[in-house]
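Naming: A, B, ... by sequence-line order, numbering from 1 per chain.
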2 protein chains.
Amino acid sequence: MIDRTCPANRKTDVSDQSRRPYGNRPTMKDVAARAGVGLKTVSRVVNGEPGVTPDTERRVRESITALGFRRNDSARILRKGRTSSIGLVLEDLADPFYAPLSRAVEEVARAHETLLINGSSAEDPEREEELVLALCARRVDGLVIIPASDDHRYLEPEMAAGIATVFVDRPAGQIDADAVLSDNYGGARAAVAHLVAHGHRRIGFIGDQARIHTAAERLRGYRDAMAEAGLAVHPSWTAMGSTDPGRVGAALGAMRGGPEPVTALFAGNNRVTVTVVRRAAADGRPFALIGFDDFELADLLSPGITVIAQDPAALGRTAAQTLFRRLAGQHEVPKRVELTTRLIPRGSGELPPE
Amino acid sequence: MIDRTCPANRKTDVSDQSRRPYGNRPTMKDVAARAGVGLKTVSRVVNGEPGVTPDTERRVRESITALGFRRNDSARILRKGRTSSIGLVLEDLADPFYAPLSRAVEEVARAHETLLINGSSAEDPEREEELVLALCARRVDGLVIIPASDDHRYLEPEMAAGIATVFVDRPAGQIDADAVLSDNYGGARAAVAHLVAHGHRRIGFIGDQARIHTAAERLRGYRDAMAEAGLAVHPSWTAMGSTDPGRVGAALGAMRGGPEPVTALFAGNNRVTVTVVRRAAADGRPFALIGFDDFELADLLSPGITVIAQDPAALGRTAAQTLFRRLAGQHEVPKRVELTTRLIPRGSGELPPE
DNA sequence: CTGAAAGCGCTTACAG
DNA sequence: CTGAAAGCGCTTACAG
């Protein structure tokens, strides 16, 4: 016998479509009708609220199972005003540096029963803004952002309206907001000082685009460490720009082949480092190298690659924890947290000058 | 002068909180009141619908800007019945194999103006189910799943209710559903045949847990290739289990130190391969090795690591495209797509027996 | 060209 | 212990 109270068994016609946008799924009203109780009673059972007799509860549960009811959280969200979701906007989900960061944010979100909506900005400020505002329109409870833009004034109304926001890896531009960063400056200084201590005087730096905060900080650390060692920096020794292998390869060639050839290189991030290693392997002329960011298998190359390691999972975890503290009602002034970096010597950074 | 029509300027009291769950954000009603027009007219302007005079539109836009209105998509979603979001459930966002897959899914979703909700199952069937059902409660339009579970009957009511679902990397268990897979069997066979062609007779296989589809298929490929070469497989030559380095290291030690020591190894996935490479480097006894899955820097190790490469981005892209085709109304029977793998010789797989 | 009414599927506030 | 009414902020269907 067909149960006509079950919407799945109703005859569907086109006009019905608009009335039931969720593909004929049963609602609490359907469950209530079948169980012969009020809507609110179903709500109580579904949400585990007290004040329902065991017998009533049993009838409601039977009805839920029979109809295959699952609460529509879209409706719940609309009424409650909290979506229990947060947005994470980063440059590229697939980047080995951001992937563990993302996973760490997810774990913290999960502990707070919150879903994670992920988006890649592809290092494009417009795409970042578009994504962030789409997330705001969805009324995510909060945002964790690795910014591509350097102007976040577009976010001010959203933040004022209550969307908690924490920036990671790079600070916000033009607005005051929480930020969790690595000590890029200190890490870069330590790298260069290490090369100097191993006898190098002509040290090059190939970094990411100078408009990116981390790249600028690492360049600053490089310059300061050189100055502290009493070493002048030849203009040909620094090259900021995209991490495209062609660009990096050309910069390396110029530094090593010029009139003042460098004997050591400080690579500004993991992608630069990998390109440099690949190039050096092709050349067969090993030279001293320290890379910013650790990467898998760095220890298995020969020589092993000395790196300045960040802790991407800790960055993500700290950012997410800061976010949930804000969501729990902490209203202090925005603060900047800086995580330390660690030099891991593996051989390439300890080579003497040729 | 303070504009009392702007909700942000209203005096807030506790009772007001419950009436305005979205932190006093202006709604279309507020915009309409300030502009002196009807609610529907605001809706028309916000959604770019025709039939509004330029003058009216101007007044509405002024009102939107003045109040800082942004449409609440939670409400829109509830009414429309499509959330324009899809869920992606995988083992671990941070895994170098899944990260590009995830990014590819995101790109396809973006092209369809759809947001991506990401979740890691941590290879735990219960956690997978919990996550997937939470996404269903949010009424995502579709799901892309790399399953940890081998029984997906829990998804049947959701799929029947219209949530499109595509499985990637591994097929669904106990239900009929679209799946996009790699040719694990063929890839494994090719790897073993390659080792045989280079003179090996005693070849080991260290794989992931046998209950995982990809691991089982690769084992089957290994066995068939050995049989085709007329080689019997000694029981100590296969070891299925977790990818924990301790387990893999022990398995390797047993295979190489036993009474029938292997001269070559086929490693069942990227994590096994990395552990084996690390172990081999520590031993200083190189041996022939082919790994399933390519990985960054595999070409820079010495010898370079010969691999069976999959295309994780293509897996993700194909799965997402299949999903959106279903969402567009394609109603054929579920189908299984298998992507080919590619053997990339780099040296380690071409070493002769010791 | 414009808008009032009804409704998406829940929760809230309240009454019995 | 139980439920009817109102409302979250939009869109739909319809009337003027």
- Message: Do the side chains of A/E123 and A/R170 get close enough for a salt bridge, i.e. N-O under 4.0 angstrom?
- Response: yes
- Are OP1 or OP2 of C/dT2 and a side-chain N or O of B/T41 less than 4.0 angstrom apart? no
- Quick one: on DNA chain D, does A/G36 or B/V46 contact a more 5' nucleotide (nearest heavy atom)? A/G36
- Decide, yes or no, whether a salt bridge links A/R139 with A/E158 under the criterion of side-chain N to carboxylate O below 4.0 Å. no
- Under 3.5 Å donor-acceptor pair, B/R139 side-chain atoms to C/dG9 base atoms: no
- Query: When only distance counts, do a donor and an acceptor, one from the side chain of A/R79 and one from the base of D/dG7, lie under 3.5 Å apart?
  - Reply: yes
- Message: Salt bridge check, A/R34 against A/E62: does any charged N sit closer than 4.0 Å to a carboxylate O?
- Response: yes
- Please report, rounded to the nearest Å, how far the P atom of C/dG9 is from the CZ atom of A/R70. 16 Å
- Would A/E57 and A/R61 pass as an ion pair if we require N to O under 4.0 Å? yes
- Item | Gap between atoms CG and P, on A/L78 and D/dA6 respectively (whole Å) | 18 Å
- Note on the structure: note: A/M28, atom CE; D/dG3, atom P; distance rounded to Å ~ 14 Å
- Note on the structure: note: B/R82, atom CZ; D/dT12, atom P; distance rounded to Å ~ 13 Å
- Which nucleotide in C/dC10, D/dG9, C/dT12 has an atom nearest any side-chain atom of A/K40: C/dT12
- Message: I want to check one thing: is the phosphate of D/dT2, taken as OP1 and OP2, less than 4.0 Å away from some side-chain N or O of A/T53?
- Response: yes
- Task: Look at the side chain of B/R44 and decide which nucleotide, out of C/dG3, D/dC10, C/dT11, has an atom nearest to it.
- Result: C/dG3
- Nucleotide C/dC10, atom C1' - distance to CD of A/E49 in whole Å: 12 Å
- Query: D/dG9 base to B/R25 side chain: any donor-acceptor pair below 3.5 Å?
  - Reply: no
- Message: Between A/R336 and A/D178, does any NZ, NE, NH1 or NH2 come within less than 4.0 Å of an OD or OE carboxylate oxygen?
- Response: no
- Message: Between A/E130 and B/R110, does any side-chain N to carboxylate O distance fall below 4.0 Å?
- Response: yes
- Distance check: side-chain N/O of B/N72 vs OP1/OP2 of D/dC8, anything under 4.0 Å? no
- Query: Any side-chain N or O of A/K80 under 4.0 Å from OP1/OP2 of D/dC8?
  - Reply: no
- Task: Looking at every strand, decide which applies to A/D73 at a 4.0 Å heavy-atom threshold: base, sugar-phosphate, or nothing.
- Result: nothing
- Separation of atom CG in A/N47 from atom C1' in C/dT11, rounded to whole Å: 8 Å
- Where does DNA chain C form stems of at least three consecutive Watson-Crick or G-U wobble pairs, each pair having both distances below 3.5 Å? C:1-3 with D:14-16, C:5-12 with D:5-12, C:14-16 with D:1-3
- Note on the structure: Rounded to whole Å, NZ of B/K29 lies from P of D/dT11 at a distance of 16 Å
- Query: What nucleotide among C/dT2, D/dG9, D/dT11 has an atom nearest to a side-chain atom of B/T27?
  - Reply: D/dG9
- Query: Choosing from D/dG3, D/dC10, C/dG3, which nucleotide comes nearest the side chain of B/L39?
  - Reply: D/dC10
- Query: Are B/R103 and B/E107 close enough for a salt bridge, meaning some N to O gap below 4.0 Å?
  - Reply: yes
- Message: Check this for me: does any side-chain nitrogen of one of B/E332 and B/R326 sit under 4.0 Å from a carboxylate oxygen of the other?
- Response: no
- Atom CZ of B/R59 and atom C1' of C/dC1: how far apart are they, to the nearest Å? 12 Å
